[in-house]
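Beneath this line is the structure, given in C-alpha cells, with notes to follow.
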Amino acid sequence: MSLLVSSWSNGVQSVPKDYVMPPEKRAGDFVNICKEIPVINLQNDRSEIVQQILKACQEFGLFQVINHGVSDDMMADMMVLYTEFFNLPVEDKLVVYAEKYGGQDCALYTSGLDFAKEEVHYWKDTLKHGCHPLENHTPSWPDKPTRYRDEVGRYSIEVRKMAFQILDLIGEGLGLNKGHFEEVSCEQAMVNNYYPLCPDPSLAMGIGSHTDPNLITFLQQDQYGLQLQKDGKWLGIEPIPNAFVVNLGYQLQIISNGKLKSAQHRVVTNSKAARTSIGTFFGPSLSLNPTVIGPAKELVTSTSPQMFKSYLYEEFMVDYLVSVRIPGSGTVLDSYRL
Ligand code: OGA
Ligand code: NI
C-alpha cells in the first residue's frame, strides 16, 4: 500500500490519528484573505514597480505578481497537468515514489522529508525535482502524463526569465548592481504539492509553519490554503488566477542585511476542494562550487552594521534541516545573527 495521501484519502470520513496535529500546530480559527498583501502589475512603470516590490519585501516578505510574462495558457495547462499527475493510478506514481527525500534529483514523497521519523504527518504529497540546466534533469522527471517533460521544461524556462527580472527589480530597490543575485539564484527546482480533500481541516495541516531556506520562491496555486505570518498573526493569501505568489527565503533576508523580510508561511487543509500548488525555488547550488553567502557589502554601513555572519550555503542547509527536525530548537537565523 502506498503511503501517498492522494492514493488513500479518497472518501475517508475522518482524519487518521497519525495525521491529527497537536493543538498548538492546528490551523485554529478561519483566517480571512488579506487584501493588503500587494499585487504588483509588472507592466507598470519600472520605477513605480521597484518601489512597490521593495515595500512589499520590507513589510511582508511576500507579494503577488500579475502580467509577469508567463502566459495564462501555460499556467492553466500546468495546473491541469499537476492535478492529473497526482490523480494518476498509484502504480504510475510509484515509478518516482521515494519513502524519504534525501537529495534525489526527482522524488515523489508524502508529508515531510522523512515520513518514518515523523510523529505526525502532513496532509500532502510532494513531487520535487531539479530544473536547470534542463538536460541534466529531465531524464529523471515523470514521463506520465506523457506531455510532462515537454510542458514542464518550457514552463521552467519562462519562470526563470520572470524570476531573474524580479530579482533585478529587488536588487535595484536595494541599490545593488545588476546581477548581484546571479550566483545565489542559479539553482532552480520545482516543488509541487497536492493537498487532497480533508475530512476535518481543524485537525490536519497541509504544511506547518516554516520559512523557505532558499533565496526566493514563485508559486502558482488554485485554491485558498496558503497563509503568511505577520506580526504574530496569520493572513490568508488570495488565489488569483494567473498570478504568482513570490515569497522571500532566508537567503534574501541575510543578503539584504535584514532590510528585507523572509516569509513565514503554512498551508491549511480544505474539506471542499483539493488544492494543487506549483512552486519554483531559486537558490545557491549545493552541487557546484561552495557558495559563500553573507550580507551584501553595499548594505553594510556605519548606520546599518552587519547583522549576519558569512557562511557556506551547505552549512546553512545542514543547520536548517536540524532546526526543522528538532522542535523547539529555535529558528536557524538565531545562530547566524551577529
Ligand atoms: C513549500 C510551500 C506552499 C504551498 O513547499 O515550501 O510553502 O502552497 N508550499 O504549497
Ligand atoms: Ni514554503
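Note that ligands are numbered from 1 as they come in the structure, with each ligand's atoms numbered from 1 the same way. Only a predicted model underlies this, so the values are computations on that prediction, with no experimental measurement involved.
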Q | Among the N, O or S atoms of Asp212, the one nearest the Ni ion (ligand 2) | A | OD1

Q | Between CG on residue Asn87 and NZ on residue Lys93, distance to nearest 0.5 Å | A | 6.5 Å

**Q.** Whether His265 lies under 4.0 Å from ligand 1, heavy atom
**A.** yes

Q: Could you tell me whether Phe281 approaches ligand 1 through its side chain, its backbone, both or neither, with non-hydrogen atoms closer than 4.0 Å?
A: side chain

Q | Location of contacts on His210 toward ligand 1, heavy atoms closer than 4.0 Å | A | side chain

Q | Nearest-0.5 Å distance, CG of residue Asp77 to OG of residue Ser71 | A | 7.5 Å

Q.
Heavy-atom distances under 4.0 Å decide this one: backbone, side chain, both or neither, for Ile207 against ligand 1?
A. side chain

Q. Mind checking whether Tyr82 and Phe86 have parallel, tilted or perpendicular rings, split at 30° and 60°?
A. tilted

Q.
Keeping Thr280 on the side-chain end and Ser156 on the backbone end, is there a donor-acceptor pair under 3.5 Å?
A. no

Q: Identify, by atom number and element, the atoms of ligand 1 in contact range of Ser277, meaning under 4.0 Å from any of its heavy atoms.
A: 4 (C), 8 (O), 10 (O)

Q: Measure from the Ni ion (ligand 2) to every N/O/S atom of His265 and report the name of the nearest one.
A: NE2

Q) Which residue pairs pass the side chain to side chain donor-acceptor pair (under 3.5 Å) test when at least one of the two sits in residues 30-39, sequence neighbours left out? A) Lys35-Glu238

Q: Kindly assign one of parallel, tilted or perpendicular to the pair Tyr19 and Trp123, based on the angle between their ring planes and the thresholds 30° and 60°.
A: perpendicular

Q | Part of Leu219 with heavy atoms under 4.0 Å of ligand 1, whether side chain, backbone, both or neither | A | side chain

Q: Fit a plane to each ring of Phe115 and His121, take the angle between them on a 0 to 90° scale, and name the class: parallel (under 30°), tilted (30 to 60°) or perpendicular (over 60°).
A: parallel

**Q.** Distance-only side-chain donor-acceptor flag, Ser111 / Glu118, under 3.5 Å
**A.** yes

Q) Side chain, backbone, both or neither: which part of Arg275 has a heavy atom under 4.0 Å from ligand 1? A) side chain

Q: Starting from atom 3 (C) of ligand 1, locate the nearest protein heavy atom and write down its residue, its atom name and how far away it is, to 0.1 Å.
A: Val267 CG2, 3.7 Å

Q. Who's the nearest protein heavy-atom neighbour of atom 5 (O) of ligand 1, and how far?
A. Asn193 ND2, 3.1 Å

